[in-house]
Each structure stands twice: as C-alpha cells, then as structure tokens.
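Report on the following structure.
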Amino acid sequence: MSQSEFSIIAQYFESLTLRRDDTFLGIGDDCAILTCPAGHSVAVSIDTLVEGIHFFSDVDPRTLGHKSLAVGLSDLAAMGATPAWFTLALTLPNVDEHWLSQFSLGLSSLAKYHNIQLVGGDTTRGPLTISIQVHGHVKANEALRRDGAQVGDLIYVTGTLGDAGAALQLKLHNLEQSVLDDEDKSYLVSRLELPTPRIEISHKLIGIATSAIDISDGLSADLGHIISKSGVGAEIVIEQLPLSVAMTKIDKTTAYDLALTSGDDYELCFTVPPQYKKQIERELASHCTQIGVITEHSSGFKIIDKKGDVFSLQGKGYDHFPS
C-alpha cells in the first residue's frame with residue numbers, strides 16, 4: 001500500500017463521525033472505552049459485506065459506505081435500540097484514494113444522521129470486504145425480540161417489499177426491462193443500494209410490539225424466524241403485501257414472489273396485539289401495513305390470497321450456505 005494503515009485511518013476515518021459524550025476513549029488506542037447509560041444494556045450486532053456476494057464491483061463507493069452501516073443500524077432498529085458506537089474492519093485489495101474518500105463520505109453522512117460514533121477498527125490488505133459492528137443501548141426489559149409473538153397478534157411490515165430484489169434482478173437482466181421507465185429503475189436501485197434503517201419507527205414500537213425482526217433475507221424467511229422462536233404459526237394475505245409503484249408494473253406473480261423471498265429490503269416486520277391496531281394505524285399509518293395475523297403453532301405458516309387459496313411460493317429467502 002502506498003499509504004500506511006495508520007495514515008489511512010487518520011486521513012479517512014479518524015474524524016469521520018461526531019463525538020458522543022458517552023465515549024470516554026475512541027479511535028487511537030488498543031480499545032475504545034464506552035459508557036452505557038444507567039439502566040440500559042448494550043445491543044451488539046455485526047455484518048460483513050463481501051465484493052461479488054453482497055455488492056457489485058462497480059457499485060458507487062459512496063452508496064456502499066451508506067449501506068455498509070445501514071445494515072447494522074437495521075439490526076439495532078429490530079431491537080428498538082438507540083445507535084451509539086460502531087467499529088469498522090476494512091480489507092482493501094489496494095489503496096484507491098478516490099474510493100476511500102467517497103466510501104467514507106457515505107459512511108459519515110449516515111453515521112452523523114443517527115449520531116453513531118466510529119470508535120475503532122482495523123484495515124488490512126485482501127479481497128474487498130467490509131465488516132461493521134454496531135453497538136446501541138436499550139433497556140433490556142423493553143428490547144424488541146423475535147420470541148414474543150402471541151396467537152391473535154397482527155403482523156405488520158414497514159415500507160414496501162421486494163424493491164431491492166427487483167433491482168438485483170434488473171442488474172442481472174433477469175427482469176423484464178420494458179415495463180419500467182428510468183424513474184422506476186432508479187428508484188429500485190436506490191432501494192437496493194441506499195436502504196433506510198427504521199430506527200425512529202422502532203422506538204415507537206417499544207411497549208407495543210410483541211416481536212420484531214428486520215427483513216434482510218426476505219419476508220418469508222425472517223417472519224419464519226419470529227414464528228419459530230415464538231412457537232406460533234402465521235397467516236398472511238398476499239394482496240396485502242405493500243408494493244411500490246415500480247413493483248406494480250412488473251408481472252404480479254413475480255412481484256409477490258420477490259416481496260416474499262428477496263433480501264436487502266431492511267424493513268421491519270413486527271407483531272402487535274389487536275388492541276393496538278388503532279394506535280398503530282394512527283401513529284404509523286403512512287409507514288406500515290398489516291399483512292396478516294399470528295395463528296396457532298399447529299397451523300404452520302400459510303400464505304393465502306384474498307379468496308383463501310394457498311399462494312405457491314417459488315423462492316425460499318436468502319441463505320449463504322444453501323443445502
């Protein structure tokens with residue numbers, strides 16, 4: 001590398017984020033020293049993005065910087081945690097100053113928006129790989145979890161589903177291009193490359209939601225984690241899945257299959273008791289959609305149409321190590 005590891009850190013990352021009062025010691029020593037607010041616990045999650053697996057080699061480095069942090073922030077949102085600190089391990093094939101400058105700008109912008117501080121990490125040479133560990137804080141007894149769904153709870157999702165998966169299929173030339181105009185395509189790609197962590201929404205769910213998860217591997221797979229951990233079943237109505245305008249223009253069966261199985265949406269799926277239905281729809285009406293209900297465990301996981309017929313699912317959700 002033409003620059004040393006330490007000069008890269010100093011130039012691109014040392015002053016990347018705002019300094020938080022609860023950071024006693026950040027970048028510059030062997031460890032960071034952090035202070036958790038009284039009465040709170042630390043929520044920790046780590047994600048790794050690998051070139052050719054999680055992103056294309058020609059992706060805009062600024063959007064990659066955004067997404068690299070967004071996926072971790074989405075995990076914090078799923079727990080109802082407030083972002084506080086993160087660490088970055090960056091493996092680079094070589095030192096590209098333009099790439100580093102743009103990557104750090106994308107990372108910095110999202111970090112400052114959510115007031116999360118970079119407090120340490122590592123840089124090394126090798127295939128382009130980005131690992132970010134996020135830390136947040138939440139009162140342990142208020143954390144949103146996967147294992148609390150109860151029979152009769154309503155199932156909601158935020159935003160729209162399948163957009164990121166459609167963008168991926170567009171890039172792979174596996175989706176009909178002619179039905180979408182340039183604005184549609186741009187929107188779908190932005191949903192793939194610039195996901196929005198639902199931090200603010202998750203905080204409104206504390207004390208209301210019985211379970212929550214972020215949709216990173218596809219709705220069917222991630223809702224499946226909730227029902228497995230909670231020991232319940234679920235029934236969702238295919239026509240109730242929220243689709244963007246762009247998604248309504250493609251083949252309906254393909255759109256529904258993408259909404260159910262494609263990853264990278266980074267929306268939230270959560271369950272709430274029916275008595276909170278009016279409150280949810282009053283406070284979050286423009287941000288979430290009810291798609292089904294939690295059922296008895298013996299009922300399993302059913303996907304039906306509005307006539308009550310079973311919808312045949314084509315995909316299974318993303319898995320790094322499929323059998």
Side-chain angles (χ1 to χ4, degrees), residues 40-49 54 66-86 110-111 113-116 132-150 153-161 163-164 191 194-230 232 234 236 242 259-273 276 280 283-284 287-292 294 317-320:
H40 289 68
S41 297
V42 178
V44 181
S45 180
I46 188 169
D47 286 280
T48 296
L49 301 184
H54 301 98
H66 172 105
K67 185 170 183 175
S68 298
L69 180 58
V71 298
L73 290 173
S74 185
D75 285 332
L76 292 181
M79 304 294 292
T82 298
W85 317 283
F86 72 101
L110 188 63
Y113 179 83
H114 288 286
N115 192 28
I116 184 170
I132 288 183
Q133 185 174 62
V134 293
H135 308 71
H137 47 74
V138 63
K139 292 182 178 178
N141 62 343
E142 293 183 353
L144 304 176
R145 296 171 48 163
R146 300 180 180 184
D147 60 358
Q150 302 291 319
D153 284 353
L154 307 179
I155 305 169
Y156 284 87
V157 293
T158 61
T160 56
L161 303 180
D163 296 321
R191 290 277 286 144
L194 293 167
T196 303
R198 301 301 185 183
I199 297 291
E200 293 86 354
I201 292 175
S202 75
H203 290 167
K204 294 183 179 181
L205 300 178
I206 293 174
I208 297 176
T210 53
S211 69
I213 192 169
D214 78 319
I215 305 173
S216 56
D217 295 325
L219 174 65
S220 61
D222 291 318
L223 177 55
H225 295 317
I226 285 180
I227 64 177
S228 175
K229 288 289 187 180
S230 300
V232 295
I236 63 176
L260 287 166
T261 66
S262 62
D264 273 8
D265 279 325
Y266 298 105
E267 296 293 346
L268 296 180
C269 175
F270 60 94
T271 59
V272 298
Y276 292 111
I280 288 291
E283 297 181 4
L284 298 173
H287 300 290
C288 66
T289 305
Q290 185 195 342
I291 61 169
I294 294 295
Y318 186 75
D319 182 358
H320 281 278

Heavy-atom closest contact (Ala78 atom, Ala212 atom, distance): O-CB, 3.6 Å
Yes or no on salt bridge (Lys or Arg N to Asp or Glu O under 4.0 Å) for Arg198 and Asp214, after CA distance, side-chain angles and deciding distance? CA-CA 9 Å; Arg198 301 301 185 183; Asp214 78 319; over 6 Å; no
Met79 side, atom CE; Ile206 side, atom CD1 - distance, nearest 0.5 Å: 10.5 Å
Can you measure from SG (Cys288) to CD1 (Ile155) and round to the nearest 0.5 angstrom? 13.0 Å
Atom of Leu268, atom of Ser74 and distance for their closest heavy-atom approach: CD2-O, 4.5 Å
Please report the interatomic distance SG(Cys269) to CD1(Ile215), rounded to the nearest 0.5 Å. 5.5 Å
Heavy-atom check, side chain of Leu69 versus side chain of His114, under 4.5 Å: no
Between His135 and Ile116, what is the shortest heavy-atom contact and its length? O-CD1, 4.4 Å
Name the orientation class of the two ring planes belonging to His40 and His137 (parallel below 30°, tilted from 30 to 60°, perpendicular beyond 60°). perpendicular
Separation between CG (Leu219) and CD1 (Ile236), nearest 0.5 Å, reads 5.0 Å
Evaluate the side-chain proximity of Phe270 to Ile280: yes if any heavy-atom separation is below 4.5 Å, no if none is. yes
Side-chain (Ser230) to main-chain (Arg146) donor-acceptor, under 3.5 angstrom: yes
Going through the distances and angles, do Ile294 and Gln150 end up as a side chain to side chain contact (heavy atoms under 4.5 Å, CB included)? CA-CA 7 Å; Ile294 294 295; Gln150 302 291 319; 5.9 Å; no
Heavy-atom nearest pair, Ala149 first then Ile226, reads CB-CG2, 3.9 Å
Compare every heavy atom of Ala81 with every heavy atom of Ala43, then report the nearest pair and how far apart it is. CB-CB, 3.9 Å
Assess whether side chain to side chain contact (heavy atoms under 4.5 Å, CB included) is satisfied between Val232 and Thr271, documenting all intermediate values. CA-CA 12 Å; Val232 295; Thr271 59; over 6 Å; no
Do the side chain of His66 and the main chain of Pro195 share a donor and acceptor less than 3.5 angstrom apart? yes
For residues Val138 and Leu144, determine if any side-chain heavy atom of one lies less than 4.5 Å from a side-chain heavy atom of the other. no
Full working for side-chain hydrogen bond (donor to acceptor under 3.5 Å, both in side chains) between Ser220 and Thr261: CA-CA 6 Å; Ser220 61; Thr261 66; 5.9 Å; no
What heavy-atom pair brings Asp265 and Asp163 nearest, and what distance separates the two atoms? OD1-N, 3.6 Å
Please determine whether side chain to side chain contact (heavy atoms under 4.5 Å, CB included) holds for the pair Tyr266 and Ser216, giving the CA-CA distance in whole Å, both sets of side-chain angles, and the decisive distance to 0.1 Å. CA-CA 5 Å; Tyr266 298 105; Ser216 56; 3.6 Å; yes
Residue pair Val157 / Glu267, side-chain heavy-atom distance below 4.5 Å: no
Is there a donor-acceptor contact under 3.5 Å from the side chain of Ser228 to the main chain of Gly224? no
Spacing of Ser45 atom OG and Ile132 atom CD1 [to the nearest 0.5 Å]: 11.0 Å
When rounded to the nearest 0.5 Å, the distance separating CD of Glu283 from CD1 of Ile208 is 6.0 Å
Thr82 vs His203 side-chain heavy atoms within contact, under 4.5 Å: yes
Is there a donor-acceptor pair closer than 3.5 Å between any side-chain N or O of Asp222 and the backbone N or O of Asp217? yes
